[in-house]
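Shown next, in structure tokens, is the structure this report addresses.
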Amino acid sequence: MELGLVGLGKMGGNMRERIRRAGHTVIGYDRNPDVADVHSLEELVGKLKGPRVVWVMVPAGAATQSTIDELAELLSPGDVVVDGGNSRWTDDEKHAVELGIKDIGFVDCGVSGGVWGLENGYALMYGGTEENVAKVQPVFDALKPDGDFGSVHAGKVGAGHFAKMVHNGIEYAMMQAYAEGWELLEKVDSVTDVREVFRSWQEGTVIRSWLLDLAVNALDDDEHLDKLRGFAADSGEGRWTVEAAIDNAVPLPAITASLFARFASRQDDSPQMKMIAALRNQFGGHAVENKK
């Protein structure tokens with residue numbers, strides 16, 4: 001099938017390549033002309049045959065809103081817009097209504113996989129009607145990991161980003177647990193090789209995971225994380241998860257504490273946040289702050 005892809009950054013660029021490897025045609029647009037296939041959204045839409053599918057992979061908020069506003073003026077009834085960024089689920093409901101007025105479909109898709117997704121595939125959580133999802137399904141199949149899992153029609157519009165939000169909240173808590181354990185091991189005199197303790201957990205333990213593997217990778221690069229400043233940003237989903245928990249009276253003590261720990265990292269050079277920063281850099285290519 002043909003796909004228009006808007007946003008060719010760390011995630012979008014690799015997604016374009018993976019979809020092309022599956023035999024589909026992808027026409028990509030980005031403000032950076034060095035990576036773009038076309039020079040405008042208008043040109044992108046003009047090169048696609050109807051019914052068109054345009055996947056938006058730009059930062060949440062104003063950038064996504066302006067892109068969808070422009071596409072609403074360019075697309076035709078029966079076309080579909082997919083928001084694959086990290087938008088808040090409440091924005092999805094708004095976008096579906098705005099596009100629906102013009103009989104343009106909307107699907108929201110939470111995407112996980114980071115810089116590793118090109119080779120390993122991307123975990124996908126999407127929301128929308130069966131009809132609109134079906135129009136995008138070949139692309140979902142191309143992006144997902146090999147095998148039976150890694151892709152789910154989570155529910156109606158907003159369900160995909162809500163599921164991805166909860167996924168990221170869990171991710172916050174898991175990383176915080178590894179970081180706290182690492183700091184405690186580093187603190188005591190009796191443990192003389194913390195990196196190898198972490199490595200030993202990779203086989204046969206109940207806490208083995210891909211995040212643990214990435215922690216070992218980070219420690220192989222910088223055994224005591226001496227090069228990193230103990231600072232870790234939060235990208236929004238953690239806050240939204242806690243807010244949704246409050247709205248629905250669901251207790252989330254571990255996820256909430258992990259979010260607050262990131263706030264604490266902005267006040268001093270937190271050892272735990274060195275591990276959080278290292279993990280975020282390993283799986284997502286997120287920027288780290290090195291010591292000066």
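Fair warning: this is a prediction, and the values are worked out from it, not measured in the lab.
To the nearest 0.5 Å, atoms CG (D220) and CZ (F198) are separated by 12.5 Å. To the nearest 0.5 Å, atoms CG (L143) and CD1 (I19) are separated by 4.0 Å. The CH2 atom of W240 sits 8.0 Å away from the OG1 atom of T90 when rounded to the nearest 0.5 Å. One distance of note links CD of E98 with CG of D91; it measures 9.0 Å at 0.5 Å rounding. For the atom pair CG (D69) and OG1 (T64), the distance works out to 10.5 Å, reported to the nearest 0.5 Å. The line from OG of S258 to CD of E171 is 9.5 Å long, rounded to the nearest 0.5 Å.
Across all their heavy atoms, A63 and S66 have their closest contact at O-OG, 3.1 Å. Counting all heavy atoms, side chain and backbone alike, R18 lies closest to G117 at CD-O, 3.7 Å. For the residue pair P271 and E183, the shortest heavy atom distance occurs at CG-OE2, 3.5 Å. Across G160 and D108, no two heavy atoms sit closer than the pair N-OD2, 2.9 Å. When all heavy atoms of N132 and G105 are compared, the pair lying nearest together is ND2-CA, 3.5 Å. Contact detail for P145 and A123: the closest heavy-atom pair is CD-N, 4.3 Å.
A 4.5 Å side-chain heavy-atom check between I27 and E2 finds every atom pair outside the cut-off. Within the 4.5 Å cutoff, no side-chain heavy atoms of M175 are placed close to those of E180. The shortest side-chain heavy-atom distance between M275 and E186 does not fall under the 4.5 Å cut-off. Between N290 and L228 there is a side-chain heavy-atom pair separated by less than 4.5 Å. A 4.5 Å side-chain heavy-atom check between H95 and Q65 finds at least one atom pair inside the cut-off. The side-chain heavy atoms of D37 and K47, taken from C-beta on, include no pair separated by under 4.5 Å. The shortest side-chain heavy-atom distance between V80 and V136 falls under the 4.5 Å cut-off. Inter-residue side-chain proximity for Q137 and Y126 is flagged as met; some heavy-atom pair is nearer than 4.5 Å.
R88 places no side-chain N or O within donor-acceptor distance of the main-chain N or O of G61, the cut-off being under 3.5 Å. A distance-only check finds a donor-acceptor pair linking the side chain of D79 to the backbone of S76 [under 3.5 Å]. A distance-only check finds a donor-acceptor pair linking the side chain of R20 to the backbone of V26 [under 3.5 Å]. No side-chain donor-acceptor contact under 3.5 Å links R208 to the backbone of E203. With hydrogens and angles ignored, the 3.5 Å screen pairs no side-chain donor or acceptor of R199 with any backbone N or O of V216. Not one N or O on the side chain of T256 forms a donor-acceptor pair closer than 3.5 Å with the backbone of V242. Between the side chain of D222 and the main chain of K227, a donor-acceptor pair closer than 3.5 Å is present. With hydrogens and angles ignored, the 3.5 Å screen pairs no side-chain donor or acceptor of E223 with any backbone N or O of R195. Looking at D30, its side chain does come within 3.5 Å of a backbone N or O of L8 through a donor-acceptor pair. H161 contributes a side-chain N or O that, together with a main-chain N or O of G85, makes up a donor-acceptor pair within less than 3.5 Å.
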Kindly indicate, with the supporting measurements, whether the criterion side chain to side chain contact (heavy atoms under 4.5 Å, CB included) is fulfilled by V194 and H224.
CA-CA 9 Å; V194 175; H224 302 288; 6.0 Å; no
As a quick check of understanding, evaluate side chain to side chain contact (heavy atoms under 4.5 Å, CB included) for V152 and L124, giving each step before the final call.
CA-CA 6 Å; V152 59; L124 306 171; over 6 Å; no
What verdict does the side chain to side chain contact (heavy atoms under 4.5 Å, CB included) test give for E130 and H153, after you've listed the backbone C-alpha separation in whole Å, the side-chain angles of each residue and the deciding distance to 0.1 Å?
CA-CA 9 Å; E130 294 286 351; H153 185 182; 3.8 Å; yes
Verdict with supporting geometry, F263 and R239, side chain to side chain contact (heavy atoms under 4.5 Å, CB included):
CA-CA 11 Å; F263 296 161; R239 297 186 189 212; 3.6 Å; yes
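Around the NZ atom of K10, the shell of radius 6.0 Å holds more than 12 heavy atoms that belong to other residues, nucleotides or ligands. Annotation for D226: atom CG counts as buried by contact number, over 12 foreign heavy atoms lying within 6.0 Å.
Judged as a ring pair (Phe, Tyr, Trp, His ring centres under 6.0 Å), the pairs with a partner in residues 2-61 (not counting sequence neighbours) are, in order, W55-F140.
In this structure, R262 satisfies the cation-pi test against Y172, with its NZ or CZ atom closer than 6.0 Å to the six-membered ring centre and inside 45 degrees of the ring normal.
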Show me the side-chain donor-acceptor pairs of residues 244-253 shorter than 3.5 Å, one per line, residues at least two apart or across chains.
| residue | atom | partner | partner atom | Å |
| --- | --- | --- | --- | --- |
| N248 | ND2 | A244 | O | 2.8 |

Below 3.5 Å, can you tabulate the donor-acceptor pairs from side chains in residues 276-289 to any protein atom, sequence neighbours excluded?
| residue | atom | partner | partner atom | Å |
| --- | --- | --- | --- | --- |
| N281 | ND2 | H286 | O | 2.9 |
| Q282 | NE2 | D221 | OD2 | 3.4 |
| E289 | OE1 | R229 | NH1 | 2.4 |

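Residues M273 and L214 share a single hydrophobic cluster, defined by chaining ILVMFWY side chains whose heavy atoms lie under 4.5 Å apart. Both M15 and V53 belong to a common hydrophobic cluster when Ile, Leu, Val, Met, Phe, Trp and Tyr are linked at side-chain heavy-atom distances under 4.5 angstrom. Residues V139 and L75 do not share a hydrophobic cluster, defined by chaining ILVMFWY side chains whose heavy atoms lie under 4.5 Å apart. Both L212 and W210 belong to a common hydrophobic cluster when Ile, Leu, Val, Met, Phe, Trp and Tyr are linked at side-chain heavy-atom distances under 4.5 angstrom. V56 and V107 end up in different hydrophobic clusters when Ile, Leu, Val, Met, Phe, Trp and Tyr side chains are linked at under 4.5 Å.
Using a cut-off of 4.0 Å between Lys/Arg side-chain N and Asp/Glu carboxylate O, E119 and R21 are scored as salt-bridged.
For the residue pair S87 / D83, a side-chain donor-acceptor distance below 3.5 Å is found, with atom types taken as modelled.
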